[in-house]
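Beneath this line is the structure, given in structure tokens, with notes to follow.
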There are 2 protein chains.
Amino acid sequence: MTGPAGSLKLIHVKSACEQCRVRELCLPTSLDGMQLNLMDQLVKRIKHLKKGDYLYHTGDEFKGLYAIQSGALKTMGLTAEGREQVTGFHMGGELVGMDAVDINKHPCNAIALESTEVCLLPFDKLEELGQQIPKLMHELTRIMSREILREENTLIMLGSTSAEQRLARFLLNLYKRQLARGGDENVVKLQMTRQDIGNYLGLAFETVSRHLNHLQDDGLLTIDNRKLTLLNHSALGALAN
Amino acid sequence: MTGPAGSLKLIHVKSACEQCRVRELCLPTSLDGMQLNLMDQLVKRIKHLKKGDYLYHTGDEFKGLYAIQSGALKTMGLTAEGREQVTGFHMGGELVGMDAVDINKHPCNAIALESTEVCLLPFDKLEELGQQIPKLMHELTRIMSREILREENTLIMLGSTSAEQRLARFLLNLYKRQLARGGDENVVKLQMTRQDIGNYLGLAFETVSRHLNHLQDDGLLTIDNRKLTLLNHSALGALAN
DNA sequence: CGGCGGATTGAATTTTCTCAAGCCTCGTGG
DNA sequence: CCACGAGGCTTGAGAAAATTCAATCCGCCG
């Protein structure tokens, strides 16, 4: 609705998106100042979620993608018979909701694992703007491609037959993502329960607990409740293969 | 390169895409005749693959998406240590290669499971055309969204702890897709080996074989080599939960 | 301080894997 | 057209891994 003319005078004003600390991760496009301002007007900010709050429920109408500013979410699908299945963990700088574009309804629940802030990017507006700024549309396509690749890597993680291997891959994956977001060297913070991890990896939660402690016994890491410290990356990497 | 003017006279000529029997599955857009002709000129037809042929290798330059006209493919990722992991099975009417858009290289191998025909949709051309036809771009976005959803459903399949459950879900998934493509009622044709299935589901291939035969003993299906006939959908559906 | 959800640990049981032997099927070449 | 071979599939038995059930334990929040 707001035309480019209206936003011209804002070119040199720092936009919220421009200042957003997860911008490169969220929409890593080389948009110029004016384009960023257009984005800025599009974004509906900010939704605050407490631990356990639902960002959306299965079947909710799809309004747009959510960019996670801080915190973490889990997404859970529902099998036909009603069993819940964790399909992913999502952290700052990641977008959720891309699975809803086609059917226009959310196919899963999204639940905050801790205090979490998200921005809503209304999808119809995003597509409109994408028509004006081809580069933006191209970026959106790339982001969706990256999501597909991410899920394929998850498939590779789940495709191994041993619990130890799946767990090692999971921890390294989490570590890598947290490091990219400014996490401490060698530290993995588990935002989710052992139960969630087990559900996600197709393991009983006791098996997750046992293998974690086994890794500690072997000197690959130390466990302090939800905080893990990796002591031997190469050994963990070897397990992951 | 070829402008719209050049294709105007073709409006009433049946284009190859228009006649393609997997069109609704491949690009299910409500494109009009002229738009279809534009699509038609974009598509590089047709690549024939024999069983075992590679459509692309890991690391190959990304040229575009491949629409499968007939036949079937498997995609295999490579873990860091070099173990191969099947990440998906793909059949007529499906698009492969969407995982390569972002990084501009194929992150996996795609291998024909039988004689297979594919069309190449050059991605740069597709995006260009998408700028002229917003509806096409919208469809492309939806297709990628659908792919994300499809992979999430795979995650749900792999997230269960029991081999029987994973196998039941796998068979029903295959059945549904084959039925939508005009397969026989109650028949599931396995285009892949037990080895492939096991690799995909995170099971030893002997376990796949044993459970299949167990399902046959229980009267849920009959096995004739690669051809399964489902006898009791609801019982199979119950196992899947 | 009490309680509750999460985490650990143990023991018995079940499932799955591994290794091994043999069979079946299909395609190739004589 | 048949024989042969290789790859795929089945089946068995023993070993290993994971699940289940149950009993605590811990740590955080009210």
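Chain letters run A, B, ... following the sequence lines, proteins first and then strands; every chain starts at 1.
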TODO: Please list all pairs passing the ring pair (Phe, Tyr, Trp, His ring centres under 6.0 Å) test where one or both residues lie in residues 184-203 of chain A, with sequence neighbours left out.
DONE: F89(A)-Y200(A), F170(A)-Y200(A)

TODO: Establish, with yes or no, whether the OP1 or OP2 oxygen of dA7(C) is under 4.0 angstrom from a side-chain nitrogen or oxygen of R226(A).
DONE: yes

- [ ] On DNA chain D, reading 5' to 3', which nucleotide is the first and which the last to sit with an atom under 4.0 Å from a heavy atom of chain A, could you check?
- [x] dA18(D) to dC21(D)

Distance, rounded to the nearest Å, where [X] contributes [atom1] and [N] contributes [atom2]:
X	N	atom1	atom2	result
Q195(A)	dC4(C)	CD	P	18 Å
L201(B)	dT15(C)	CG	C1'	16 Å
R166(B)	dT15(C)	CZ	P	14 Å
D217(A)	dT9(C)	CG	C1'	12 Å
E164(B)	dT14(C)	CD	P	15 Å
D224(A)	dG6(C)	CG	C1'	15 Å
K51(B)	dG27(C)	NZ	C1'	10 Å

TODO: Answer whether the closest heavy-atom distance between the side chains of L228(A) and L174(A) falls below 4.5 Å.
DONE: no

Open item on the list: Quick check: do Q85(A) and C108(A) have side-chain heavy atoms less than 4.5 Å from each other?
Closed with: no

Task: Distance in Å, N199(B) CG paired with M192(B) CE, rounded so as to fall on 0.5 Å steps - done: 12.0 Å

Task: Pairwise distance CG(L221(B)) to NZ(K227(B)) - rounded to 0.5 angstrom - done: 12.5 Å

Task: Listed once per pair and sorted, the salt bridge (Lys or Arg N to Asp or Glu O under 4.0 Å) pairs that draw on residues 188-198 of chain B, sequence neighbours left out - done: K74(B)-D196(B)

TODO: Indicate the atoms forming the closest heavy-atom contact of G202(A) with T161(B), along with that distance.
DONE: O-CG2, 3.3 Å

Open item on the list: Taking the axis from the first five pairs and the axis from the last five, what angle separates them in the helix from dC1(C)-dG30(D) to dG30(C)-dC1(D), rounded to 10 degrees?
Closed with: 40°

Open item on the list: Counting only heavy atoms not in H233(A) (residues, nucleotides, ligands), do more than 12 fall under 6.0 Å from its NE2?
Closed with: yes

TODO: Remember a base hit wins even if backbone is also touched, and classify G52(B) as base, sugar-phosphate or nothing at under 4.0 Å, heavy atoms.
DONE: nothing

Task: side chain to side chain contact (heavy atoms under 4.5 Å, CB included) evaluation trace for L215(B) with L239(B) - done: CA-CA 10 Å; L215(B) 291 175; L239(B) 282 185; 3.5 Å; yes

- [ ] Can you tell me which residue pairs pass the side-chain hydrogen bond (donor to acceptor under 3.5 Å, both in side chains) test with a partner in residues 168-177 of chain B, sequence neighbours excluded?
- [x] E94(B)-R177(B), N173(B)-R177(B)

Task: Strand contacts (DNA chain D) in residues 205-214 of chain B, 4.0 angstrom heavy-atom criterion - done: F205(B), E206(B), S209(B), R210(B), N213(B)

Task: Side chain R166(B), main chain L201(B), donor-acceptor under 3.5 Å - done: yes

